[in-house]
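Note sheet for the following structure.
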Amino acid sequence: MVSEKYDPKGIEGKWQQLWAEQNVFKALEDSPKPKYFCLCMFPYPSGNIHMGHMRNYSIGDLISRYKRMRGFNVLQPMGWDSFGLPAENAAIQRNIHPRDWTLQNIAQMKVELKSMGIGYDWDREVTTCLPEYYRWEQLLFTKFLEKGLAYKKTGQVNWCPKCETVLANEQVQEGACWRCDSSVTVKELSQWYLKITAYAEPLLSDHGQLQKKWPQRVLDMQKHWIGESRGGKIQFQVDGSSEKIEVFTTRPDTLLGVTFVTIAAAHPLAEKLCKAPQSLEELEKIKVAVALRRPDEETTEKKGFFTGSYAIHPITGEKIPVWVGDFVVMEYGTGAVMAVPAHDQRDFEFATLYKLPIKQVIVPKGEKAKDTLKEAYTGSGELIQSGGFNGLDNEVAKETILKELEKKQCGVSTIQYRLRDWGVSRQRFWGAPIPIIYCESCGTVPVPEKDLPVELPMDITFLGKQGNPLEHHPTFSKTNCPKCQKPARRETDTMDTFVESSWYYARYTDPKCSTGPFAKSKADYWLPVDYYVGGVEHACMHLLYSRFFHKILRDWGYLSGDEPFTRLLTQGMVIKDGAKMSKSKGNVVTPSSILDRFGADTARLFSLFAAPPEKDLDWNEKGVEGCHRFLQRLWRLFYPHQSVLSEPRANEKEINFSEKCLVLRRKTHWMIQKMTEDIESEKFNVAISAAMELVNELYSALTDNDKFFFSQDGKWTLQEAMESLLLCLAPFAPHITEDLWHEMGHKTLMVLASWPHFRPELLAESKFTLVIQVNGKVRDRVEVSKDMSKEEIQKLVLGMEKLKPFIEGKALKQFVYVPERIANVVVV
RNA sequence: GCCUGGAUGGCGGAACUGGUAGACGCGUUGGACUCAAAAUCCAAUACUCGCAAGGGUGUGAGAGUUCGAUUCUCUCUCUAGGCACCA
């Protein structure tokens, strides 16, 4: 017997246990149903579940449960992105091994997740800090090396003095470390890189497959991040030397407007070209200034100097001066630009400052060159002062000129990307060791597969400074060369944690595989992920790296398909009092406190109701209470009628429904339709409101006449409404609905029930509310029959008393009638 | 500066392909129940003029298209996120 009071604590644990005992969330590959892989971005095990997690997983579980009810074989796994800095910080502060700290946190968070009643297949749990996971990542790294897609490069890297670690460009935000916010400095280090740039083109072009299924802004952000520029590389011979300066330009059409060449201070030829007096000192000054420049620094006046050397224009053969400019960066393109001051604003400013010639070569069609330019003209037009190219449309000229240069073998059309290779070395302990051995005779040798994994040692001391403790470990770095067996040194750098999260989704398809990262058959069955939910902050890093790995794994034959995630939902942050919840702001509300007070169903319902999923959610205690109140209302709708509701349903055909029942049944089927559509279109907050409307309507029916539900048709109507409500709310509030479902007499678990079908014929009405306007302003409304013709409607409307003051004495200009909606009388 | 979103009551948010603006929830007010309170139930709730009937105004601002615009077009303001000497 159901108790009078809704007691979430009493029912939630009970059903969670039953679901677990009956293994309802276990995903197997031998189902006749179509597969559905629903995935939420896995958490970093920081200690406790926070509101962002709760929102994320409520969305994922809603989709998973909904799809299961729609007849899909659903896989929803959970795991732990468990390498990372906080574990090392904890190790330093508390003298505990990062592994122990991490595993404790995982245990704690798992308890919290379970108390939320999320339907995970826990048999597929993946923990990235365990050797059974990272050994495969190490294997993949050796494949990268073998395929020439991993390489070592010495260069300037971002160095965080506090974390004592290298940061990827992507991890530097406004000159500060993305995690600890310290100012980032520059340091020379030898680093491992993965050649993501080799996949720039497919990463960009496969966006076509994601259109409409991923948020447009994520696609846009990735597109800018990859930053494709089409243009050409053009060589300028250095006058009196065999050296060539290669420039990259997107505007080969302006080639005849080149009046000088500007190179970066870090350009390899810079020193050689500095022939003018004092030019070497100038070079040094600019080098230092550029090196100290912060990424977020505002651009001031451009600085530069003439080197004393000249280059030969590839078309005209003219001698043009070579300058060094601080605005030319070595990292992009070729580190040298052809300066066209008339058609590039930066070149224009530079030329104006140093009084260099400005030559116009493009003018709007039919116009002539201006006497003086106030700024660069970057628009389109036709070529002038360009010899044989005169009169050409500049878009056409781009190709024509490049072709001419190709003939002369001093130019080629290319595509330049902004994307840079992915530096994966970290001078950190708590990460997957890079499986490399340095041998004095054999050089850089990958650890053979049979020796994997390279495991992290347990006996380790954390100082909190002096970089990676692995370097100070007595034996870790000491090993023998796999090739020649001589003593050799093991790499002590570990991998960026983004490497783990780049392929974890695939590991879920075969999480215990001990012969490889996963079996291809399993991956082919489950992948791609059908629905991926997580924060938009991962738009450019995690989501790009995962796409890169997926293409790599496809090309190496590990799996099939071009893209890892078919559909992406980026959920907003959880905000309180106008700011993101954070410890420093002291505005944190923990999910566990909400679970204790209101239960999991309320917490989940509120997470889904308070805002559309992609928008920020403002945490509001009163709103939580409102959701709790709704569930209580649902409970109380059931309780007084439990004897009626638990009776077996009669045959619908034998019931003669009163008008009142038909109205209620219409609302029931309207709700089913509305909720189905709204869930499909990710408007979860609106879906919930439809259920609330039906509950309100049922309450009203009861207030009118409390004996209503004892009549045959009333009872049937209530049973149908209640059953539909429970089924539709099941993905939002699974415990209370499961409980009431069983109270209604069902013997099987609701989790496994089918989603209800709405009956269109019950939604049909013979009447509708006609809105009557005069000159576009609403003046009245009237109930009319659907089978009235336009003429009949017009006659009815024009004869209406209420309209008289607005139309009398005026001429009817037009009568607009939109069937079943609106009638507009236009008078003048 | 550039790119992409967004702007609707006191608040969170609804609104089909251009067709009743404000669903649903919160809050507020009033009522019922109660000795009383809480809880619950019912009702009202954009602003404004009016005793009322009824009228006027209203979706960031301004224009435009239309019988009719929160929705489409243009200009602008504010705001969030992303990018930035990218050749």
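Worth knowing before you read on, the calculation uses all heavy atoms, side chains too, and leaves out hydrogens, waters and symmetry mates. What you see is a predicted model, and the numbers here were worked out from it, not measured in a lab. Lettering of chains follows the sequences in order, A, B, ..., and the numbering in each one begins at 1.
For A:R636 and B:C41, the shortest distance from a side-chain N or O to OP1 or OP2 is below 4.0 Å. OP1 or OP2 of B:A84 sits under 4.0 Å from a side-chain N or O of A:R418. Dashed line: the shortest gap from a side-chain N or O of A:K5 to OP1 or OP2 of B:A39 is not under 4.0 Å. Distances shorter than 4.0 Å separate some side-chain N or O of A:N696 from OP1 or OP2 on B:G25. The side chain of A:K615 places an N or O atom within less than 4.0 Å of a non-bridging phosphate oxygen (OP1 or OP2) of B:G13. The phosphate of B:C85 (OP1 or OP2) has no side-chain N or O of A:K303 nearer than 4.0 angstrom. OP1 or OP2 of B:A87 has at least one side-chain nitrogen or oxygen of A:S229 nearer than 4.0 Å. Between A:R629 and B:C26 there is a side-chain polar atom (N or O) within less than 4.0 angstrom of OP1 or OP2. Phosphate contact (OP1/OP2 of B:G68, side-chain N/O of A:N775, threshold under 4.0 Å): absent.
Look at B:A7: its Watson-Crick or wobble partner, with both distances under 3.5 angstrom, is B:U77. Pairing partner, B:U59: none, since no Watson-Crick or wobble contact has both distances short of 3.5 Å. Figure legend. B:A14 is base-paired to no nucleotide; pairs are counted as Watson-Crick or G-U wobble with both atom distances under 3.5 Å.
Distance A:H628 NE2 to B:A39 P: 12 Å, rounded to the nearest Å. Look at CE on A:M573: it is 7 Å from P on B:G81, rounded to the nearest Å. Between A:K223 atom NZ and B:C86 atom C1' there is a gap of 15 Å when expressed in whole angstrom units. Atom pair A:W225:CH2 and B:C3:P shows a separation of 19 Å (rounding to whole Å applied). A:E331 places its CD atom 12 Å from the P atom of B:A84, with the value rounded to the nearest Å. In this structure, A:L634 places its CG atom 16 Å from C1' of B:G25, rounding to the nearest Å. We find that CD of A:Q773 is positioned 12 Å from C1' of B:G18, with the value rounded to whole Å. Atom NE2 of A:H224 and atom P of B:C3 are 9 Å apart (whole Å).
Ring planes of A:Y817 and A:F815: parallel class, angle under 30° (limits at 30 and 60°). Aromatic ring pairs are classed by plane angle as parallel below 30°, tilted from 30° to 60° and perpendicular above 60°; the pair A:Y545 and A:W422 is parallel.
Among the nucleotides B:G27, B:C24, B:A14, the one closest to any side-chain atom of A:K622 is B:G27. The A:Y699 side chain lies nearest to B:C41 when the options are B:C67, B:C41, B:U40. Of the candidate nucleotides B:G55, B:C86, B:U40, B:G55 has the atom lying nearest to any side-chain atom of A:F806. When each of B:C24, B:C67, B:U40 is scored by its nearest atom to the side-chain atoms of A:Q632, the top-ranked nucleotide is B:U40. Distance from the side chain of A:I822 is smallest for B:U20 among the nucleotides B:U20, B:A14, B:A87. Comparing B:C24, B:G27, B:G55 by their nearest atom to the side chain of A:R779 picks out B:G55. Here B:A87 is the nucleotide among B:A87, B:C24, B:G81 with the atom lying nearest to any side-chain atom of A:T250. Taking every side-chain heavy atom of A:V826 into account, B:C67 is the closest of B:C86, B:C67, B:G25.
Looking at residues two or more places apart in sequence or on another chain, you find a side chain to side chain contact (heavy atoms under 4.5 Å, CB included) between A:F806 and A:V774, A:R779.
For the C1' atoms, the distance from B:U73 to B:C83 is 28 Å, rounded to whole Å. B:C76 and B:G10 have their C1' atoms separated by 29 Å, given to the nearest Å. Nucleotides B:A61 and B:U77 have their P atoms positioned 15 Å apart, rounded to a whole Å. Only the C1' atoms considered, B:U66 is 37 Å distant from B:G82, to the nearest whole Å. Separation of the C1' atoms belonging to B:G13 and B:G6 is 14 Å when rounded to the nearest angstrom. B:C24 and B:A15: their C1' atoms are spaced 12 Å apart (whole Å).
Residue-level contact check: A:R821 touches the bases, meaning some heavy atom is under 4.0 Å from a base atom. Using a 4.0 Å heavy-atom cutoff across all strands shown, A:D344 reaches no nucleic acid atom at all. Counting any heavy atom pair closer than 4.0 Å across all strands shown, A:V816 reaches a base atom. Nucleic acid contact class of A:G626 (heavy atoms, under 4.0 Å, all strands): sugar-phosphate only. Nucleic acid contact class of A:N824 (heavy atoms, under 4.0 Å, all strands): base. When heavy atoms are screened at a 4.0 angstrom cut-off, A:V340 is found touching no nucleic acid atom at all. Among the protein residues, A:P612 comes within range of the sugar-phosphate backbone only, with heavy atoms under 4.0 Å from sugar or phosphate atoms but none that close to a base. Heavy atoms of A:K813 sit nowhere under 4.0 angstrom from any nucleic acid atom.
Separation of the A:W670 and A:F758 ring centroids does not fall under the 6.0 Å cut-off. Ring centroid separation for the pair A:F327 and A:F350 comes in under the 6.0 Å cut-off. Side-chain rings of A:Y6 and A:H628 approach one another, their centers coming within less than 6.0 Å.
In this structure, A:R604 is not positioned above the aromatic face of A:F732 in the sense of NZ or CZ being under 6.0 Å from the six-membered ring centre and within 45° of the axis.
A donor-acceptor contact closer than 3.5 angstrom links the side chains of A:R547 and A:Q222.
Comparing A:E625 and A:A610 along RNA chain B, the residue whose closest nucleotide (by nearest heavy atom) sits nearer the 5' end is A:A610.
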Would you list the atom pairs, donor with acceptor, under 3.5 Å between side chains in residues 253-270 of chain A and any protein atom, with sequence neighbours excluded?
{"unit_1": "A:D253", "atom_1": "OD1", "unit_2": "A:R251", "atom_2": "NE", "d": "3.1"}
{"unit_1": "A:D253", "atom_1": "OD2", "unit_2": "A:R251", "atom_2": "NE", "d": "3.2"}
{"unit_1": "A:D253", "atom_1": "OD2", "unit_2": "A:R251", "atom_2": "NH2", "d": "3.0"}
{"unit_1": "A:D253", "atom_1": "OD2", "unit_2": "A:N394", "atom_2": "ND2", "d": "3.0"}
{"unit_1": "A:T254", "atom_1": "OG1", "unit_2": "A:R251", "atom_2": "O", "d": "2.8"}
{"unit_1": "A:T259", "atom_1": "OG1", "unit_2": "A:P357", "atom_2": "O", "d": "2.9"}
{"unit_1": "A:H267", "atom_1": "ND1", "unit_2": "A:L269", "atom_2": "N", "d": "3.1"}

